[in-house]
Amino acid sequence: MAKDNLKIDEKTLAELKKALLEKREKLTSELAAFAEKSKDIKGNFKAKFAQIGARPDENALEVSQYEVDLGLEHKLETDLADVNEALEKTEKGVYGICENCPKSRLIDIKRLRAFPEAKTCLKCSPR
Ligand SMILES: [Zn+2]
């Protein structure tokens, strides 16, 4: 079993998986607050255009609000995609392995606890 060093123990894995599921829940409800699920693309959201009023200044406000929402929506959506990807990896048994290291290595558990959807180790992408 050469790959034993690339496995997270079951207890820690269960804990991280729970954190990922909670994060997915949180991101989904945050997105649902101002965006609607796209019917065309699975897992994609679309920011709703706020209806503030009909006056030009109100219209301008709607546009700037929409731009803010789009930026936030994009960020939440990216985070959600990362969380989903990490959850898929837990199913495949490859969760926690750095995607960037030429020689596969496990991402530091402390990093995963703080940032469970991390794809790379701290050496590869210091944050
Ligand atoms: Zn790495």
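Atoms within each ligand, like the ligands themselves, are counted from 1 in listed order.
Atom NZ of Lys48 has more than 12 heavy atoms from other residues, nucleotides or ligands within 6.0 Å.
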Fill in: Verdict with supporting geometry, Gln65 and Asp69, side chain to side chain donor-acceptor pair (under 3.5 Å)
CA-CA 6 Å; Gln65 180 62 45; Asp69 284 355; 3.0 Å; yes
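One distance of note links CD of Glu117 with CG of Leu16; it measures 11.0 Å at 0.5 Å rounding.
Residues meeting the salt bridge (charged side-chain N to carboxylate O under 4.0 Å, His left out) test with Glu25, sequence neighbours left out: none. The salt bridge (charged side-chain N to carboxylate O under 4.0 Å, His left out) search around Glu99 returns Lys89, not counting sequence neighbours.
In the hydrophobic clustering, where aliphatic and aromatic side chains (Ile, Leu, Val, Met, Phe, Trp, Tyr) are joined below 4.5 Å either directly or transitively, Leu61 groups with Ile52.
Distances under 2.8 Å from the Zn ion (ligand 1) pick out the protein N/O/S atoms Cys98 SG, Cys101 SG, Cys121 SG, Cys124 SG.
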